[in-house]
2 protein chains.
Amino acid sequence: MLISAECFRFDIFVERSIINVKKSIFEYIRSMLSKKTKYGIKALAFIAKKADKKPVQTSEISKSENISQKFLESILLELRKSGFLGSKKGKGGGYYLIKEPKDIQMTAVIRVLEGPIAMVPCVSLNYYEKCDDCPSEETCSVHSLMIQVRDSTLKVLGDNTLADISARK
Amino acid sequence: MLISAECFRFDIFVERSIINVKKSIFEYIRSMLSKKTKYGIKALAFIAKKADKKPVQTSEISKSENISQKFLESILLELRKSGFLGSKKGKGGGYYLIKEPKDIQMTAVIRVLEGPIAMVPCVSLNYYEKCDDCPSEETCSVHSLMIQVRDSTLKVLGDNTLADISARK
DNA sequence: TATTAACCTATAGAATTAGTAGGTTATAGA
DNA sequence: TCTATAACCTACTAATTCTATAGGTTAATA
C-alpha cells in the first residue's frame, strides 16, 4: 500500500517534469478553443447581461471585453447569420438577442463558431467524417474513447445555456 | 407542450441547416485531436495487445495501422523519451511497454503528445497560462464553462487506461 | 561483417488562425 | 435633405502549426 502510493507520487512527478520541459521549449500553449469562439461566447454573454433589449454596439463590447473591433464585427455578423442575433443599422443600432438566453445552449453556439464538439470527426454527431486511415471503427482503440469524451462534453455544453454563463458575476 | 416540442424540432432543423452550409463551404473538418496523438495512442494500444513482451518494430505498427513510418518513428521516440516505452536497437529490436497497460492513464499519454487537456490554457491544471485579454477569471463567462468541460473530460480520460482501450476488439 | 532497426537533423508544403485595411449600405436624428 | 453612425462586405497577410519527407548515423544481433 505504501509502495503503491509512492509509485503513484513518482509517476506524477515524472509527468510534471516532462510537461515542464515541454513548457520551456514551446513558449505558447496551444488552445483547443479558438479565439473566435471564445470572443463569440463572451460577446453573447455581454449582450445577455444587459437587462434592456436595446441593441448593443460592437464598439462597446470590443472595449469592454478587450477584443479587436474588426475581428468582433465578423464574429457578430456570423452569429447574426446563424440566427442567434438580430441587428439594426445606423445610430442607436447594434446587435440584440433573438431568443431567450435560457433557450440558447452552448452546444449550438460552439457548433456554429467552432465546428464539431467531438475531438475526432469519426465520432462527431453533426460533422461526421470517416477516418481515411482506419480500416474499421469497431476495432479502433481511439474511437470508443473519443465517444466517451464527446458524450461527457456534450452533456456539459448541453446543460449550460447562455443564461447560465451570463448569470455568473 | 406540443408547441414547445415543435419549437425544439425547428431549432434542431435550423442548427443542422447552418451546419450543412458550413460543411459544403469547408471541405475538411477540423480535428481537435492531432494525428500525432491519435497515432501515438493507436501504437501504444497495438503494443499492449501483444501478449508477449518482445519488442515491436515501427515498421510492423506502421503497416498494420496505416501510419507513415517516418512520422510514427518520431512519435514512438517521443513516447520513449517520456517514459512510456523502452527500446532496443538492431535486429529483433523495437519498442516495448515499460509499465503495465492498466497503469497507463490516457490523461498522461494525451498530456505528453497533445499538450493540455483543457480547451483554454486559463483552466489548464498542468499548462496554466493567464489570458492576456481577460481582466479577471472570476468575471469571465467562458472560464467556469471550460472548467466544467475540463473536469468531465479529465474524468473520462483518467478512468480509461491503456488496458481498457486495447482490450476492446 | 552485414543487416537491421532505432535514432537524429533539417526542411517544406498545406492549412488555419487571428487579425488588418479599406471600403459600402442603411438608418436615425438634426 | 444632410450628416453621423454602425452594421455589412471583400480582400489580403503574417505567423503558426501540422503532417509529414529526406537523408543520414548509431548500436545491436546473427
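Computed from heavy atoms alone, side chains included, the values below leave out hydrogens, waters and symmetry copies. Computed from a predicted structure; not experimentally measured.
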Integer-rounded Å distance: [N] [atom2] and [X] [atom1]:
X      : N      : atom1 : atom2 : answer
A:I75  : D:dC8  : CD1   : P     : 14 Å
A:N66  : C:dA18 : CG    : P     : 16 Å
A:L113 : C:dT17 : CG    : C1'   : 14 Å
A:I61  : D:dA6  : CD1   : C1'   : 12 Å
A:L76  : D:dA7  : CG    : C1'   : 10 Å
A:Y96  : D:dA6  : OH    : P     : 16 Å
B:K81  : C:dA6  : NZ    : P     : 14 Å
B:L77  : D:dA20 : CG    : P     : 17 Å

Expected output: side-chain A:E114 to main-chain A:S34 donor-acceptor under 3.5 Å: yes

If you measure from [atom1] on [X] to [atom2] on [Y], what distance do you get to the nearest 0.5 Å?
X      : Y      : atom1 : atom2 : answer
A:D164 : B:S144 : CG    : OG    : 9.0 Å
A:Y127 : B:S31  : OH    : OG    : 14.0 Å
A:H143 : B:K38  : NE2   : NZ    : 11.0 Å

Salt-bridge present (B:D159, B:K155; N to O < 4.0 Å):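 Counted as a salt bridge, because a side-chain N and a carboxylate O are separated by less than 4.0 Å.
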
Cationic N near anionic O, under 4.0 Å, A:E60 to A:K50: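 Salt bridge: yes.
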
Under 3.5 Å, which N/O atoms of the protein pair with N/O atoms of nucleotides 19-23 of chain C?
unit_1, atom_1, unit_2, atom_2, d
C:dG19, OP2, A:Y39, OH, 3.3
C:dT20, OP2, A:S68, OG, 2.8
C:dG22, N7, A:K70, NZ, 3.4
C:dG22, O6, A:K70, NZ, 2.1

Short side-chain donor-acceptor distance under 3.5 Å, B:N160 and B:Q105: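 Absent: no donor and acceptor within the cut-off.
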
Nearest-neighbour nucleotide for the A:Q57 side chain, D:dA6, C:dC8, C:dA18 considered: D:dA6

Residue-phosphate contact under 4.0 Å: B:R80 side-chain N/O, C:dC7 OP1/OP2: yes

B:Y95 side-chain N/O to C:dC7 phosphate OP1/OP2 under 4.0 Å: yes

So which protein nitrogen or oxygen atoms get under 3.5 Å of nucleotides 25-30 of chain C's nitrogens or oxygens?
unit_1, atom_1, unit_2, atom_2, d
C:dA26, O4', A:K89, NZ, 3.2

Sugar-phosphate only, base, or nothing, as touched by B:T58 at under 4.0 Å among non-hydrogen atoms: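 If one applies the 4.0 Å heavy-atom cut-off, B:T58 turns out to touch the sugar-phosphate alone, with no base involved.
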
NZ/A:K130: more than 12 non-hydrogen atoms of other groups inside 6.0 Å: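 For A:K130, atom NZ is crowded (more than 12 foreign heavy atoms under 6.0 Å).
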
Stepwise side chain to side chain contact (heavy atoms under 4.5 Å, CB included) check, B:D133 with A:K42: CA-CA 11 Å; B:D133 55 298; A:K42 281 187 165 197; 3.3 Å; yes

